[in-house]
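A short write-up of the structure that comes next.
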Amino acid sequence: MAQPEIVDVVVLGLGVGGEEVAGRLAEAGLTVVGIERNLVGGECPYWGCIPSKMMIRAANAIAEARRVGGLAGTAQVSPDWATVAKRIREEATDGWDDRVAVRRFTDKGGRFVRGGGRLDGPGRVRVGEQVFQARHGIVLGTGTRPSVPPVDGLADTPYWTNREAIEVEELPGSLLVLGGGAIGLELAQVFARFGVRVTVVEALDRVLAVEEPEASEAAAAALRADGVEIRTGVKAARVEHGTEGFTLRGTEDEEFTAERLLVVTGRRAHLDELGLETIGVDAGGRYLPVDDRLRVTEGVWAVGDVTGEGAFTHIAMYQAAIIVADVLDHLRRAEGGADPSGTASVVGGAVGVASSLAATGSSGSAGSVPRADYRALPRVTFTDPEIGAVGLTEEQARERGINVQVGFTQLASSTRGWINKTDEVGFIKLVADADQGVLIGATSAGPAGGEVLSALVVAVHAAVPLTQLRHMIYAYPTFHRAISEALGKLRS
Ligand SMILES: Cc1cc2nc3c(=O)[nH]c(=O)nc-3n(C[C@H](O)[C@H](O)[C@H](O)COP(=O)(O)OP(=O)(O)OC[C@H]3O[C@@H](n4cnc5c(N)ncnc54)[C@H](O)[C@@H]3O)c2cc1C
């Protein structure tokens with residue numbers, strides 16, 4: 001058996017979260033081994049956020065050109081998917097090659113190991129024949145993979161996940177999208193705008209079910225306007241594939257056919273592959289439970305989607321900063337400021353990083369490691385209109401027994417909404433805690449819903465008193481000025 005190689009930190013999985021932790025700890029002077037079995041950077045740059053937003057940018061350009069009719073004369077658009085596919089291949093993913101990303105990590109002083117790794121007892125990680133013993137910690141950033149429902153026949157068909165949908169070079173004539181969550185809706189709208197006949201099939205009674213009902217309605221209306229057929233309350237029972245394409249049957253005998261089937265019904269962590277049992281951690285859950293410093297157990301941290309705290313790149317980055325501070329703080333305390341391992345610069349770095357994070361962190365007191373706080377978690381569904389949301393929905397707030405006030409206004413009734421003319425689908429919805437006099441949740445749907453959201457995130461994050469928000473000056477005529485209107489309508 002190979003002798004373990006002793007290093008400071010091992011990071012397993014170099015997606016968004018793992019790469020950030022590994023790179024920053026390496027920059028701080030630690031010996032860091034980063035292990036990745038696929039592409040450094042993970043899902044976001046190659047099959048997620050970045051290429052999907054490139055697709056959306058292109059589809060929105062088409063939609064905007066089609067709006068010229070009511071505003072500025074005539075414009076002719078001839079959508080061409082080849083331009084989008086080329087941009088994704090060449091500009092976003094380098095043809096799904098991570099050489100640049102690997103160099104980004106090794107240039108910071110990290111050591112890169114390609115391969116699938118697993119825990120091999122306390123402090124140890126194995127990659128094939130190589131074993132690493134981590135002196136100061138192991139960070140698990142292994143992410144998630146698509147969760148495919150156990151629908152009869154589905155597993156035997158060549159269905160798409162987000163990966164095939166992002167890599168597609170030639171569009172099909174028709175597409176069934178199983179799953180009406182954010183990813184399903186974003187991709188459905190893109191493909192529809194490029195001329196694909198798209199049907200979205202959702203088991204729940206509304207699309208975008210985790211958000212406000214008004215958000216679901218706005219998204220569904222917009223997609224329908226783009227020609228997408230939306231079928232809710234349909235539980236898939238069976239999938240068949242033949243020369244003509246896919247047939248999906250629902251439990252109530254509904255039948256849908258299309259050339260391609262895209263399955264986007266959520267994601268799940270694969271904890272059983274990580275060797276968690278070798279460190280006494282239960283691998284039976286859906287995600288890896290962590291505390292507010294992202295610790296799984298002594299000396300083991302987890303970052304990103306694997307923690308189940310919200311599958312967003314910004315969550316992974318947020319958590320990564322806390323882990324870096326905690327690992328360095330841990331190391332400084334363990335070494336008592338001394339330099340037994342020749343890491344004097346690291347100890348110095350620890351103080352610097354930890355204290356600068358505490359200075360910018362929301363919930364850490366000065367000099368302490370900041371604690372994770374998801375109260376003001378922002379999320380954006382990049383449909384057109386964009387749907388941004390932060391904090392609790394009205395229903396979630398009521399379920400918690402909060403004395404809720406709600407304020408709602410349509411963007412169309414604002415000056416900017418009226419000027420905009422073509423994007424009348426959009427609104428601001430505010431959820432306030434009447435006893436505390438602060439916003440605890442908000443949704444902003446509209447042409448720039450994700451950007452307007454930022455003001456609402458500040459309000460929820462910093463618990464800005466409603467009296468202050470009411471006395472703010474909102475620039476005229478902006479979309480965000482509708483926040484002021486919604487504040488004026490807050491009622492129990
Ligand atoms: C279509 C789509 C669109 C999205 N759009 C957005 C968006 O607009 N905004 C947003 O914030 N988020 C978006 N997301 C979510 C975002 O991509 C994820 O939240 C983010 O990638 C999570 O990063 P992570 O580091 O936790 O995991 P991942 O990016 O999944 O990385 C985990 C890495 O670990 C590696 N790995 C796993 N197991 C092992 C092992 N045993 N050994 C070695 N390596 C291993 C994997 O190969 C992978 O590279 C989108 C996702 C999808 C699918």
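Each ligand, and each atom within it, is numbered from 1 in the order the structure gives. We use all heavy atoms of the structure for the numbers below, so side chains are in, but hydrogens, waters and symmetry mates are not.
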Short question: side chain of D305, backbone of G143 - any donor-acceptor pair under 3.5 Å? no

State if R118 counts as touching ligand 1 under the rule of any non-hydrogen atom under 4.0 Å. no

Any N or O on G41 sitting closer than 3.5 Å to an N or O of ligand 1? no

Taking only non-hydrogen atoms of K53 and a 4.0 Å limit, the atoms of ligand 1 in range are 5 (N), 6 (C), 7 (C), 8 (O)

Ligand 1 to D305 polar contact by distance, N or O atoms, under 3.5 Å: yes

So for ligand 1, is V16 a polar contact partner (N or O within less than 3.5 Å, distance only)? yes

Quick one: does F312 get an N or O within less than 3.5 Å of an N or O on ligand 1? yes

CG (L453) and CG (L456) are apart, to the nearest 0.5 Å, by 6.0 Å

Nitrogen or oxygen atoms of S52 and ligand 1 under 3.5 Å apart: no

Quick one: which of V11, I166, T144, I183 has a heavy atom closest to atom 52 (C) of ligand 1? I183

Consider every N or O of E186 and every N or O of ligand 1, then say whether any pair is closer than 3.5 Å. no

Below 3.5 Å, can you tabulate the donor-acceptor pairs from side chains in residues 153-161 to any protein atom, sequence neighbours excluded?
{"from": "T157", "atom 1": "OG1", "to": "L154", "atom 2": "O", "distance (Å)": "2.7"}
{"from": "T161", "atom 1": "OG1", "to": "R163", "atom 2": "N", "distance (Å)": "3.2"}
{"from": "T161", "atom 1": "OG1", "to": "E164", "atom 2": "OE1", "distance (Å)": "2.9"}

Does G310 have a heavy atom less than 4.0 Å from any atom of ligand 1? no

Contacts table for residues 281-288: side-chain donor-acceptor under 3.5 angstrom, sequence neighbours left out:
{"from": "D282", "atom 1": "OD1", "to": "G284", "atom 2": "N", "distance (Å)": "2.9"}
{"from": "R286", "atom 1": "NH2", "to": "R267", "atom 2": "O", "distance (Å)": "3.4"}
{"from": "Y287", "atom 1": "OH", "to": "R267", "atom 2": "O", "distance (Å)": "3.4"}

Check each heavy atom of L12 against ligand 1 and say whether those closer than 4.0 Å belong to the side chain, the backbone, both or neither. side chain

Which one holds for T142 and ligand 1: side chain close, backbone close, both close, or neither close, with close meaning a heavy atom under 4.0 Å? both

Quick one: which of V380, T313, L39 has a heavy atom closest to atom 12 (N) of ligand 1? T313

For Y46 and W96: C-alpha separation, side-chain torsions, deciding distance, then whether ring-ring contact (aromatic ring centres under 6.0 Å, His included) applies. CA-CA 6 Å; Y46 298 103; W96 290 274; 7.9 Å; no

Could you check whether any heavy atom of R267 sits closer than 4.0 Å to an atom of ligand 1, since that is the contact criterion I want to use? yes

Mark yes when over 12 heavy atoms from residues, nucleotides or ligands other than E169 sit less than 6.0 Å from its CD; otherwise mark no. yes

Look only at interatomic distance and state if G117 has a nitrogen or oxygen under 3.5 Å from any nitrogen or oxygen of ligand 1. yes

Under 3.5 Å: N/O of R37 near N/O of ligand 1: yes

Should one rank G275, C49, A316 by closest heavy-atom distance to atom 4 (C) of ligand 1, which comes out on top? C49

